[in-house]
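Side-chain atoms are counted along with the backbone in the values below, which use heavy atoms only and exclude waters and symmetry mates. Note that the structure is a prediction, hence the values are computed from the model and not measured. Each chain gets a letter, A, B and so on, in the order its sequence line appears, and its residues count up from 1.
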2 protein chains.
Amino acid sequence: MAAPRANMSYRDIKQVVLDRIHNKIWAPDSLLPSETDLAEEFSSTRTTVNRALRELAEEGYLERKRKAGTRVLNAPARKAQFAIPLVRDEITETGSEYRYALVERNVLPAPHWLSARMNIPQGRDVLHLRCMHYTDNAPFQYEVRWIVPDSIPEVLDADFSSVGPNDWLVQKVPFTNLELSFLATKADQTVAEFLDTQAGEPIFTAERITWLRGQPVTLAKLFFAPGYRMTTHL
Amino acid sequence: MAAPRANMSYRDIKQVVLDRIHNKIWAPDSLLPSETDLAEEFSSTRTTVNRALRELAEEGYLERKRKAGTRVLNAPARKAQFAIPLVRDEITETGSEYRYALVERNVLPAPHWLSARMNIPQGRDVLHLRCMHYTDNAPFQYEVRWIVPDSIPEVLDADFSSVGPNDWLVQKVPFTNLELSFLATKADQTVAEFLDTQAGEPIFTAERITWLRGQPVTLAKLFFAPGYRMTTHL
DNA sequence: AATGACTATTTATATAGACATAAATGCCAT
DNA sequence: ATGGCATTTATGTCTATATAAATAGTCATT
């Protein structure tokens, strides 16, 4: 058990505070001493205590409010962080070989559901791509992507036969906003064939919409091969 | 476009740096000026610049190394934060009514897969619960839970008929480690009946294992009603 | 060519003090 | 009681400065 002593770093203080929360010395919903008091107890300064408490609050252990003080949250660690890896990285990092293939490329007027979803004018031409990502030649992810060329006209001339749209976009268009959803979908015939499974199988699916300064840029539907799971530790 | 001026807060500095990254003034892989130089440019102090850059690094935009300097990451390996709310909160926060029901409670020897998964001795007695969570009386989540009583003997006497196991555990046993996975599963007959759908439907599923100081505490499988999606913005 | 010691630079963190800002609280007039 | 105002207090942030730790780069040594 970490005990207060002189010259504690903000890391030490974080650990002491966490211990006290775990041992119910500071019970859920209870109020911690003020930063000033804690600084004195730890023979530290308010700045250092502040950083420790601020980070614990960011991590979801504490709630802080001016004047009201710092409170222990009863539902601890409510935030999970997931990295959003590029498919290629996700695959190569396990030592497997990554392969990409373009399935289809079209320019066509935005369908109604897309116009509504991304808030773009009806009938505006958009780029529609379908691609596959393989790991050691086994299907890994089937990608259906829509790109609005308005904010990036050069996308229409890009060659997506060897570079995936995500790789290309990441280089060309840094996004400013992102909406990311995860859901379970049922494989239709097309998805099933590309992912080498049966129609009707449950498919872990991600939907990703990005904007650049308020302008919609791209929507991607990512269908993962059966058995995929997204995991995090904390 | 934010332009450097006097008295910039660390937030302002973050924004300016982000803008410059987006406008390729500081291209991917390139090196930023040192904190000292930036502090001078922004008529600020190194402390303030440090906080701005440190946070941008935490958010995945920059990479910082002593002596090596601060570098722009080319693949904004950005991190998505998902709240892991208590089911009850997730429901009541939308203004809907939450209802909980215990379906079944057993004490039985740990099945082999559970022993292996949670690293507990073969045949150790564990508490097995099945529960339902409803929103406005529509099925929301079907929960299958295993609790290892070793580290919390009193769990065997707990009354789970009106309090959900998660609520109970959160109050009693602060966890120290958590593994959280998301995947898509196919509804079996039981799941389908509880979630009011057809067997075979794709089900968004979460698996959650928690430990207390290295001791496994509980494993939960959470089956969400069809249509559920987990969303985050950033 | 490889290894090791040294140095300069950059980030990491701590201290001390000041002012800003939000919000809980109590007091007062109604 | 009730609404509004002033006070108080805890956190939020900035400035200024100092020291520590890591490490890229250099140069000498093997």
Which class fits the ring pair A/His133 and A/Tyr98: parallel under 30°, tilted 30 to 60°, perpendicular over 60°? parallel
Length of the CD-C1' vector between A/Glu55 and C/dA12, whole Å: 12 Å
Any side-chain N or O of B/Tyr10 under 4.0 Å from OP1/OP2 of D/dT13? yes
Would you kindly compare A/Arg64 and A/Lys67 by the position of their nearest DNA chain D nucleotide and give the one closer to the 5′ end? A/Lys67
Can a donor-acceptor pair under 3.5 Å be found between the side-chain atoms of B/Arg11 and the base atoms of D/dG12? no
Plane angle bin for A/Tyr228 and A/Phe204 - parallel if under 30°, tilted between 30 and 60°, otherwise perpendicular: tilted
Rounded to the Å, how far apart are A/Asp12 CG and C/dT13 C1'? 12 Å
By nearest atom, which of the nucleotides C/dA16, D/dA24, C/dT11 is closest to the B/Lys65 side chain? D/dA24
Taking CD from A/Glu40 and C1' from C/dT15, how many angstroms apart are they, rounded to a whole number? 16 Å
How many whole angstroms separate atom CG of A/Leu32 from atom P of D/dA10? 13 Å
Value in whole Å for how far the P atom of D/dT13 lies from CG of A/Asn50: 8 Å
Is any N or O donor-acceptor pair between the side chain of B/Arg46 and the base of C/dA12 shorter than 3.5 Å? yes
Under 4.0 Å, counting only non-hydrogen atoms across every strand here, what does B/Thr36 touch: a base, just sugar-phosphate, or nothing? nothing
D/dT23 base to B/Arg66 side chain: any donor-acceptor pair below 3.5 Å? no
Should A/Thr70 be listed as having a side-chain N or O under 4.0 Å from OP1 or OP2 of D/dT11? yes
Return yes when atom CD of B/Glu179 has more than 12 non-hydrogen atoms of other residues, nucleotides or ligands closer than 6.0 Å, and no otherwise. yes
Base, sugar-phosphate alone, or nothing: which one does A/Arg54 contact when heavy atoms must sit under 4.0 Å apart? nothing
Polar side chain donor-acceptor pair, B/Arg46 to B/Thr36, under 3.5 angstrom: no
Can you tell which of C/dT13, C/dT11, D/dT15 lies closest to the side chain of B/Thr48? D/dT15
Just the rounded figure in Å: distance from P of D/dC14 to CZ of A/Arg51. 15 Å
Is B/Thr47 near enough to D/dA16 that one of its side-chain N or O atoms lies under 4.0 angstrom from OP1 or OP2? no
If you find the nucleotide of DNA chain D closest to B/Ala68 and the one closest to B/Ser44, which residue's nucleotide is nearer the 5' end? B/Ser44
Could you state the atom-to-atom distance from CG of A/Leu62 to P of D/dA10 in whole Å? 17 Å
If you round to the nearest 0.5 Å, how far is CG of A/Asp167 from CZ of A/Phe160? 10.0 Å
Take atom CZ of A/Phe42 and atom C1' of C/dT13, then tell me their distance rounded to the nearest Å. 17 Å
Heavy atoms only, 4.0 Å cut-off, all strands: where does A/Ser34 land among base, sugar-phosphate and nothing? sugar-phosphate
side-chain contact (heavy atoms from CB on, under 4.5 Å) between A/Leu129 and A/Leu102: does it pass, once the steps are laid out? CA-CA 8 Å; A/Leu129 300 168; A/Leu102 176 63; 4.1 Å; yes
